[in-house]
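In what follows, a structure is listed as structure tokens, so that the remarks can point back to it.
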Amino acid sequence: MFLAHGVGGRQDLPIPFEAALIGAILALLVSFVALGALWTEPQLGLDRRLRPLAPLVQRMVSARAWPWVWRVAGLVAAAYFCVGLLFGPDRVENPTAGVFYVLFWVGLVPLSLLFGPVWPVLNPLRTLHLLACRGLGRDPEIGMRPLPPGLGYWPAAGGLLAFVWLELVAPERATLPVIGAWLAVYVVFVLGGAVIFGSRWFDHADAFEVYSTLVGHLAPVTRRPDGVVTWRNSLDGMAGLRPVPGLTVLVVVLLGSTMYDSLSNAPVWVRFVQESSLPAPVMGTAGLLVVIGLVLAAYRGATALAGRWGAAEPGKTAGELAHSVVPIAVGYVVAHYYTLLLLEGQRTIALLSDPLGTGADWLGTAGWTVQAAGTSPAGIAMLQVTVIIVGHVLGTVLAHDRALALFPRRTAVLGQIPLLVLMVVYTVVGLFLLFAG
């Protein structure tokens, strides 16, 4: 697999890095001033702006067979993946690592951004649980015990941390035994919880479902409670994400892990790990936890100060504003993993035709050659800067709109100043880490 997830660096930017950094900070400052002057009432999360899709689309997605088409597709894809995982050779030509880390993990982001939460429908574990319950004549939502009160997203946050540790730190993480062992524990945890607590366990504990749902709040389409599929303002969707226990930690793990991934590729960190007397996995684990901890501390500190300056109800600010971090995290994911998905994704698709390494061409893609698709280092570098800036600006808009509802009007702008400082810090640190090479 590619060791560097991006091919653009400081030297590839068509403008000086300092100019890009100053431009990013100015974009945030101008956005903050404009919002404070022109956006004086909460505007986001309003259902009245939903516009139904065409009748043909409504009939198609309302058909009883529609969800089962995708459930079966998820089962077939999982079974095909298991062929390479269980029976394929443990060498670089095996597509398993590329499917798991690139096509699945990274590919969930664009799919969820376009179509909403796709993994709850595709998830083979949810489908297997549903089929088992139907075979036993049981309601899949009812388990042996009710969900614990206050569960929220805490299990999913733990699952996400476990996955990013596997992806970024675990030794031999691209080998079949390591991937297989991790997935075995994951399957037991998720399916075992579903048996005990019912299918609602997936909504709280399946890290990949929660991840897809989180990103899917930014999708331009949604389904109303009456089943009608509609167009919507993506920010309305994200503003509809309400605070629940564990949400703050979940989004911080997503953002902090991406920042650590950038740091882990920086020459200064590589030298530090090489010169340390501790094993690399120990250093990596410590580095991952420290970066996530710093991101969380900065967020907690800024939101606590914002609540104090904005005269908000104590203890509510961090959870109420957690949704504003999601577009920032998505921006970093797109910036950091775009070239990995584009280039390594093509290589993985070519390898998928022969998961057993026998020289077969089951899918007809064995001869697929990796294409740059018209990209260049300079273009990728500018894309990285742009999506990070856009993510922070969208986060600023979401935070401003929620602050107008959270803070009294007289202190709404004052309370947002710590949040603006936080956005600037995240932007500066993120760009420095991304372009550290």
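Everything numeric here is computed off the predicted structure, so don't read it as measured data.
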Exercise. So with a 6.0 Å cut-off around CH2 of Trp66, is the heavy-atom count from everything else above 12?
Worked result: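 Above 12, so yes.
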
For this session: Evaluate whether atom CD of Glu93 has more than 12 neighbouring non-hydrogen atoms of other residues, nucleotides or ligands under 6.0 angstrom away.
Result: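 More than 12 within 6.0 Å, yes.
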
[X]-[Y] side chain donor-acceptor pair, cut-off 3.5 Å:
X	Y	value
Ser262	His336	yes
Ser31	Thr396	no
Thr386	Gln384	no

Does any N or O in the side chain of [X] come within less than 3.5 Å of the main-chain N or O of [Y], such that one atom is a donor and the other an acceptor?
X	Y	answer
Asp361	Thr365	yes
Thr230	Arg51	no
Asp401	Gln43	yes
Arg223	Gly227	yes
His400	Leu35	yes
Tyr153	Ala205	no
His392	Ile328	no
Thr258	Leu254	yes
Glu167	Tyr101	no
Arg173	Ile179	no

Would you indicate whether the side-chain heavy atoms of [Y] and [X] approach each other to under 4.5 Å?
X	Y	result
Val221	Arg232	no
Arg71	Leu122	no
Leu340	Leu343	no
Trp201	Leu147	yes
Tyr80	Val99	no
Pro355	Trp362	yes
Tyr426	Val295	yes
Leu241	Leu247	yes

Exercise. Checking side-chain contact (heavy atoms from CB on, under 4.5 Å) against Leu255, which of Val330, Val333, Val325, Val326 comes through?
Worked result: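 Going through the options one by one, the only one that passes is Val325.
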
For this session: Would you please indicate if the ring centroids of Phe163 and Phe100 are separated by under 6.0 Å?
Result: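 Yes; Phe100 has its ring centre under 6.0 Å from that of Phe163.
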
Exercise. Between Leu161 and Val164, is a side-chain contact (heavy atoms from CB on, under 4.5 Å) present by the stated rule, with each step listed?
Worked result: CA-CA 5 Å; Leu161 180 60; Val164 297; 4.2 Å; yes

For this session: Kindly determine whether Gln346 and Thr348 satisfy side chain to side chain donor-acceptor pair (under 3.5 Å), including the steps that lead there.
Result: CA-CA 5 Å; Gln346 294 180 66; Thr348 300; over 6 Å; no

Which pair of non-hydrogen atoms, one from [X] and one from [Y], has the smallest distance, and what is that distance?
X	Y	value
Val92	Leu351	O-CD1, 3.9 Å
Met423	Ser324	CE-OG, 4.2 Å
Ala20	Val385	CB-CG1, 4.4 Å
Gly246	Ala157	O-CB, 4.4 Å
Ser353	Gly364	OG-N, 3.0 Å
Gly430	Tyr332	CA-OH, 3.2 Å

Problem set entry | Tyr337 vs Asp261, side-chain contact (heavy atoms from CB on, under 4.5 Å): CA-CA, chis, key distance, verdict | CA-CA 10 Å; Tyr337 296 107; Asp261 199 359; 2.8 Å; yes

For this session: Check the pair Val210 / His204 against side-chain contact (heavy atoms from CB on, under 4.5 Å), numbers first and verdict last.
Result: CA-CA 7 Å; Val210 174; His204 299 265; 5.9 Å; no

For the [atom1] atom of [X] and the [atom2] atom of [Y], what is their distance to the nearest 0.5 Å?
X	Y	atom1	atom2	value
Ser234	Leu44	OG	CG	11.0 Å
Leu422	Thr303	CG	OG1	8.0 Å
Ser199	Leu130	OG	CG	8.0 Å
Leu183	Leu176	CG	CG	11.0 Å
Thr317	Arg402	OG1	CZ	11.5 Å
Tyr186	Leu191	OH	CG	8.5 Å

Problem set entry | Working for side-chain contact (heavy atoms from CB on, under 4.5 Å), residues Leu29 and Leu420 | CA-CA 8 Å; Leu29 294 176; Leu420 173 65; 3.9 Å; yes

For this session: Just do the ring-ring contact (aromatic ring centres under 6.0 Å, His included) check on Phe104 and Trp119 with the steps written out, would you?
Result: CA-CA 10 Å; Phe104 172 57; Trp119 191 241; 4.8 Å; yes

Exercise. Going by the side-chain hydrogen bond (donor to acceptor under 3.5 Å, both in side chains) test, which pairs reach into residues 207-220, not counting sequence neighbours?
Worked result: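 Every pair satisfying side-chain hydrogen bond (donor to acceptor under 3.5 Å, both in side chains) with a residue in residues 207-220: Ser112-Ser212, Asn123-Glu209, Arg126-Glu209.
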
Exercise. What do the steps show when you test Asp90 against Thr175 for side chain to side chain donor-acceptor pair (under 3.5 Å), and what is the final call?
Worked result: CA-CA 6 Å; Asp90 191 11; Thr175 61; 4.8 Å; no

For this session: Tell me, please, which residues at least two apart from Trp269 pass side-chain hydrogen bond (donor to acceptor under 3.5 Å, both in side chains).
Result: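 side-chain hydrogen bond (donor to acceptor under 3.5 Å, both in side chains) check on Trp269 returns nothing, list empty.
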
